[in-house]
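Input: a single structure, listed below in structure tokens.
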Amino acid sequence: MRLPAQMQLGRSKMPAPVGAIGMVVLLALVGPTATLRAQQPVPDLILSNGKIITVDERFSIAQAVAIKGDRIVAVGSNQDMARLAGPNTRKIDLMGRAVIPGLIDNHMHLLRAGTTWIREVRFDGVDSRKHAIEMLRARAKAVGPGEWIYNIGGWTHQQFADDPRSFTREELDEIAPENPVALQESYYQVFLNSRALRTFGIEAKLPDPPDFIKGSIMRDARGIPTGVIQGDIAATRPVAARLPKVSPDQLEASSRALVDDMNRAGLTSIGVPGCNSDVLGIFQKWKAEGRLNIRIFCIDGAAAGSPGQVNRSLEQIARMKLFQGDSYIDNIFFGESVYQPLHDPMFALKSDPTSDQLQQWRRIAMEIAKAGLPLHVHAELHDTIDAFLDQIEAINKEYPIKNLRWTLAHVNQINASQLERMKKLGMYAAVHPWAVINGGNMHEGFGDGAYDMPPLSTIQNSGIEWGFGTDGTAANQYLPFTTLYFAVTGKMAGGTKVIRQTIGREDALIAHTRKNAYLVFQENSLGAIQPGKLADLVVLDRDYLTIPADQIRNIKPVLTMVGGRIVYDAFAPAAAR
Ligand SMILES: [Zn+2]
């Protein structure tokens with residue numbers, strides 16, 4: 001396997017980035033503009049009169065940024081950037097707006113979402129139940145009788161600030177009498193109307209369909225199904241599996257709508273678990289055509305589900321090649337599961353990894369270390385994290401993992417001593433706060449313990465390298481400003497306080513940009529607005545650093561750029577995009 005240069009270098013030997021300050025000093029020393037022009041490429045585009053939140057190592061703020069091709073060539077004052085302009089340089093007046101680096105989600109199931117996106121009625125960011133119902137009514141009217149109306153996760157009823165109630169079968173019958181309806185709350189439960197129940201063969205006098213988990217179909221005292229299917233991912237899966245995906249000829253349009261929504265939210269790069277999908281071919285086609293508007297860093301590899309499958313997994317790992325791509329599409333991690341029996345269910349309260357299971361887990365993880373591959377593994381519950389760290393410490397003695405950026409993902413139950421062990425191993429934490437929508441459910445399950453899930457300030461203060469992901473679009477919502485609002489206020493979508501460990505807004509932004517660039521092996525190209533880096537940035541409608549914390553979730557990007565191309569412009573007519 002070929003390691004990327006930055007990985008072989010290791011962190012401590014990383015060349016110091018050319019910062020904005022360095023550039024300004026250079027300009028001041030060089031003197032006459034003519035000399036400057038000879039040395040400095042004439043930019044294609046200059047954004048000026050803004051508040052450029054560079055998120056460089058000093059968290060410096062500038063006024064203007066100059067871009068040539070797909071790269072940032074200079075950052076500094078309005079005056080300095082104006083001097084670089086040539087006759088053909090395009091100029092954008094930011095009118096005082098804040099600009100941040102393109103946001104990176106280190107873990108979102110993006111390609112899977114493309115297979116259903118345009119058919120879903122998404123509730124991400126919808127904090128009014130009344131509005132959610134209006135959306136359902138509008139969809140029923142638009143699609144006509146008989147068509148499915150559904151969503152697959154990304155919300156819970158506790159996010160409805162006006163009326164945090166779940167949906168009843170009768171209510172959904174009234175909203176869409178002619179359509180089957182299925183509304184899935186994260187991986188926690190699904191609400192069905194009468195038509196959906198009939199379609200699935202779930203009826204008063206009939207036994208449960210065999211693929212539904214025993215006890216997951218809620219019935220009243222008379223045996224009549226209430227419309228609620230409940231009980232973690234295994235309970236919700238049979239419903240999602242029955243819902244119609246987009247047709248093959250709609251897949252590209254659906255994926256395009258999905259990427260547009262990501263750009264509108266300010267996202268420019270995603271760590272993607274599961275890239276074996278047909279959808280990846282579409283992204284590769286867009287890349288070849290120069291119109292791929294989001295960067296995809298794949299976390300891939302089939303997990304063994306039983307001891308019998310482990311040998312096959314070992315062969316697959318020995319053949320696996322990573323880092324064959326580029327800054328648009330690449331495979332970077334084995335993950336997100338190593339051995340399926342040790343994959344914690346999302347709403348489990350406690351795990352009990354057995355030594356037999358851990359032995360299989362270690363065989364696979366050992367092979368990953370031996371092959372020199374980065375690993376990104378789902379690890380949520382306290383005892384699972386401890387057990388994995390025991391194994392990794394043993395593996396590390398045989399095959400050091402120091403420079404492989406092994407990452408534990410989700411880690412809502414992680415604690416200070418585990419973070420310390422991870423730091424010693426040179427490991428990383430991909431933090432996916434499920435409580436952003438599941439805060440209510442987690443408090444029901446964990447009681448006061450949920451106030452420390454995730455323990456954000458403990459993670460920040462530990463000094464470990466860590467970054468934010470959402471684990472969207474089913475387990476969680478995908479909007480980065482909702483995650484940043486949660487991190488700074490401790491409040492879930494909708495406004496209820498659900499965690500006590502919050503962090504500062506600078507640290508939160510760093511974890512969604514520069515630190516994530518590191519987590520996806522792109523620290524030399526992404527994550528900060530600096531000369532030499534790729535021109536991925538987001539212009540905001542208000543200043544993330546100064547608005548009241550409660551308004552962070554309402555921030556709307558007005559312009560998003562990927563590799564110097566404008567991929568979202570709030571002021572452009574949709575057809576021009
Ligand atoms: Zn996971």
Side-chain angles (χ1 to χ4, degrees), residues 104-113 152-154 156 184-188 231-237 240 270-277 296-305 313 331-351 353 357 361 364-365 368 373-389 391-392 405-414 418 422 427-438 441-442 445-446 453-454 459 466-478 483 516 519-520:
I104 305 172
D105 184 321
N106 68 42
H107 185 119
M108 189 207 291
H109 298 261
L110 186 81
L111 300 194
R112 183 187 66 194
I152 303 178
T156 67
Q184 179 179 322
E185 283 192 333
S186 181
Y187 284 120
Y188 192 73
D232 218 319
I233 185 164
T236 61
R237 191 179 284 132
I270 319 255
V272 182
C275 274
N276 280 337
S277 160
I296 310 261
F297 301 103
C298 297
I299 300 158
D300 216 348
S313 182
N331 272 297
I332 60 168
F333 279 114
F334 186 95
E336 69 162 291
S337 222
V338 167
Y339 186 57
Q340 203 61 41
L342 289 173
H343 189 97
D344 291 335
M346 190 168 173
F347 294 99
L349 298 182
K350 203 172 156 24
S351 61
Q357 291 167 338
W361 193 93
I364 300 169
I368 294 168
L373 301 174
L375 170 68
H376 178 114
V377 61
H378 173 108
E380 169 64 10
L381 297 171
H382 175 268
D383 293 349
T384 303
I385 296 172
D386 264 347
F388 286 0
L389 290 175
Q391 300 306 317
I392 295 169
R405 301 193 195 181
W406 278 25
T407 300
L408 297 186
H410 311 324
V411 297
N412 287 287
Q413 278 203 9
I414 203 158
Q418 292 167 336
M422 287 171 69
M427 291 183 69
Y428 301 90
V431 179
H432 309 145
W434 292 334
V436 172
I437 60 166
N438 284 298
N441 293 329
M442 288 164 75
F446 293 99
M453 293 175 62
I459 295 168
W466 72 279
F468 272 128
T470 57
D471 198 16
T473 56
N476 202 353
Q477 64 89 42
Y478 71 87
T483 306
N516 270 347
L519 262 74
V520 299

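This is a predicted model, so every value here is computed, not measured. Both ligands and their constituent atoms are indexed starting at 1 by order of listing.
Remark: aromatic rings of His109 and His107 are close, center separation under 6.0 Å.
Between the side chain of Ser186 and the main chain of Ala475, a donor-acceptor pair closer than 3.5 Å is present.
Within the 2.8 Å limit, His432 places no N, O or S atom next to the Zn ion (ligand 1).
No other N/O/S atom of Glu336 lies as close to the Zn ion (ligand 1) as OE1 does. Shortest distance from the Zn ion (ligand 1) to His378 is reached at ND1 (N/O/S atoms only).
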| request: Show the numbers, then the answer: is there a side-chain hydrogen bond (donor to acceptor under 3.5 Å, both in side chains) between Thr470 and Asp105? | output: CA-CA 7 Å; Thr470 57; Asp105 184 321; 2.7 Å; yes
| task | Run the numbers on Leu381 and Lys350 for side chain to side chain contact (heavy atoms under 4.5 Å, CB included), then give the verdict. | result | CA-CA 6 Å; Leu381 297 171; Lys350 203 172 156 24; 5.5 Å; no
